[in-house]
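Take a look at the structure set out below.
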Amino acid sequence: MIRALAAALLLALAPAQALAWGNMGHRIVGESAMRALPGEVPAFLRRPQSVRDVGELSREQDRSKGSGRIHDHNRDAGHFLDLDDEGKLLGGPSFLPLPATRADYEKALQAAGIDSWKAGYLPFSIVDQHQQLAKDFGYWRVLNYAAGRERNKVRRAWLNRDLARRETQILATIGHLSHFVGDGAQPLHVSVHYNGWGEYPNPKGYTTAKVHGPFESEFVFANIDPLSIDAKMAAPVDCRCPVEQRTTDYLIATSRFVVPFYEMEKAGGLRPGDPRGVAFASERLAAGASELRDLVVSAWRASARVTVGWPVVRVDEVLAGKVDPYDALYGKD
């Protein structure tokens, strides 16, 4: 009883928009996505330990909260996007098309008297980590290639150590990407109705209670079998489009589940024993895992075209045997 009261108090005191899938939800998204990766990605990603590591690292963006005022203020808004019922950001500019940079996004919001700390900047969090993952994979490709061909023992030893470091970095980056992609699958993370319908016209009488945390945390923990999500994942999709477009399409698709969530809640779908809430949460977790799987594959494919090191070398030129990458990787100041 004391633990339950303490948990309820923490939920009440937490900033509403800073909430996210609970530990279980984020772990499910990360692990399900990793188990579903295809054979084209590096084999180390499919090791059981890698699957478990990404599941745990998927929680890290929440576990770091409370580190300090500057830390939290800079990061918290990266977990959500406040879209209104017309697809606008807090009644200001339209969400689409997504500005090319965070600075352009900020400028558009400030012109309407708001900012990205109020409206959220989740799409930029997802794109940022996808681009980081493509770069990480680019380094992995070059290190793996060079280590297998290097004849100098000292250089080969360093390349192999750096390859191991890069594999650790890749798992961390996938964990961060997993967190934000998971947030993007939760309808209440992409809506002004993020914790109850709020002070908006409410002709259908949707709840104004703080349902965000209880749904995605306690409800998921109590009702969702983690291994059941694997079978609910969608088939892989390659949109053959920029990651910015893929991300906005994903978040818009999630936003279409806001009203169905409130309809389901109003009908009693979150009550014990009602299968509708379980089905809703399972579908959303599976959507997050499916998107994460596809974004990891997308980043892997993009990595063949990135540059690495300094002076920069192109991954495709290294793999074609045109460039010795050692100095660029080790550093030639």
Side-chain angles (χ1 to χ4, degrees), residues 26-27 29-64 125-182 243 289 292-333:
H26 279 297
R27 188 182 283 121
V29 168
E31 291 189 356
S32 292
M34 294 294 285
R35 283 192 292 267
L37 288 175
E40 71 178 275
V41 303
F44 82 89
L45 292 176
R46 294 189 299 280
R47 296 171 188 159
Q49 186 60 52
S50 295
V51 173
R52 290 191 292 269
D53 285 346
V54 167
E56 299 309 314
L57 291 165
S58 295
R59 306 181 296 132
E60 200 61 28
Q61 289 292 325
D62 280 345
R63 295 173 82 189
S64 75
S125 299
I126 294 173
V127 172
D128 170 72
Q129 292 302 310
H130 178 275
Q131 292 175 343
Q132 178 64 59
L133 183 57
K135 179 69 79 170
D136 287 341
F137 276 144
Y139 273 102
W140 188 93
R141 285 181 186 267
V142 171
L143 286 161
N144 185 60
Y145 176 89
R149 289 162 177 78
E150 180 59 62
R151 295 182 178 180
N152 181 289
K153 291 183 179 180
V154 174
R155 287 187 172 196
R156 184 169 63 249
W158 183 87
L159 289 166
N160 280 317
R161 290 195 300 271
D162 208 44
L163 180 61
R165 283 188 287 266
R166 186 56 55 175
E167 291 184 354
T168 298
Q169 177 62 48
I170 285 169
L171 295 178
T173 301
I174 294 176
H176 296 318
L177 177 62
S178 173
H179 187 94
F180 295 122
V181 171
V243 65
L292 176 60
R293 173 203 60 206
D294 293 350
L295 282 172
V296 172
V297 173
S298 168
W300 169 249
R301 293 172 180 171
S303 69
R305 302 183 296 276
V306 304
T307 60
V308 298
W310 183 260
V312 297
V313 294
R314 286 177 40 153
V315 170
D316 55 356
E317 291 187 348
V318 172
L319 301 187
K322 297 179 180 179
V323 180
D324 181 346
Y326 184 82
D327 285 342
L329 294 171
Y330 185 77
K332 188 177 181 181
D333 298 343

Salt bridge (charged side-chain N to carboxylate O under 4.0 Å, His left out) partners of Asp128, counting only residues at least two apart:
none

Going by salt bridge (charged side-chain N to carboxylate O under 4.0 Å, His left out), name the residues that satisfy it together with Arg27, two or more places apart in sequence or in a different chain.
Glu56

Quick note, side-chain hydrogen bond (donor to acceptor under 3.5 Å, both in side chains) partners involving residues 320-333, not counting sequence neighbours, are none

What's the spacing between [X] [atom1] and [Y] [atom2] if we round to 0.5 Å?
| X | Y | atom1 | atom2 | value |
| --- | --- | --- | --- | --- |
| Leu295 | Gln129 | CG | CD | 11.5 Å |
| Leu45 | Glu167 | CG | CD | 8.0 Å |
| Glu150 | Leu159 | CD | CG | 6.0 Å |
| Leu171 | Asp136 | CG | CG | 10.0 Å |
| Leu163 | Asn144 | CG | CG | 5.5 Å |
| Glu60 | Arg63 | CD | CZ | 5.0 Å |

Exercise: identify the closest heavy-atom pair between [X] and [Y]:
| X | Y | answer |
| --- | --- | --- |
| Val318 | Tyr145 | O-CE2, 3.3 Å |
| His26 | Ser178 | O-OG, 4.2 Å |
| Val313 | Val323 | CG1-CG1, 3.7 Å |
| Asn160 | Ala147 | OD1-CB, 3.4 Å |
| Gly138 | Ser303 | N-CB, 3.4 Å |
| Ala33 | Leu292 | CB-CD2, 3.5 Å |

Please examine the side chains of [Y] and [X], heavy atoms only from C-beta on, and report whether any two atoms are closer than 4.5 Å.
| X | Y | result |
| --- | --- | --- |
| Val181 | Ile126 | yes |
| Thr307 | Lys135 | yes |
| Leu329 | Tyr139 | yes |
| Arg165 | Asp162 | yes |
| Arg166 | Gln169 | yes |
| Ser58 | Val54 | yes |

Pair Arg155, Trp158 - check side-chain contact (heavy atoms from CB on, under 4.5 Å), show working.
CA-CA 5 Å; Arg155 287 187 172 196; Trp158 183 87; 5.8 Å; no

Determine, stepwise, if the pair Val315 / Val308 fulfils side-chain contact (heavy atoms from CB on, under 4.5 Å).
CA-CA 7 Å; Val315 170; Val308 298; 4.0 Å; yes

Is a donor on one side and an acceptor on the other found under 3.5 Å between the side chain of Ser50 and the backbone of Arg46?
no

Looking at Trp300, is its backbone amide N or carbonyl O close enough to the side chain of Arg141 to form a donor-acceptor pair, meaning the two atoms are under 3.5 Å apart?
yes

Closer than 4.0 angstrom, basic N to acidic O: yes or no for Asp316 and Arg305?
no

Under-4.0 Å salt bridge between Asp62 and Arg59
no

Determine whether the side chains of Gln61 and His176 contain a donor N or O and an acceptor N or O closer than 3.5 Å.
yes

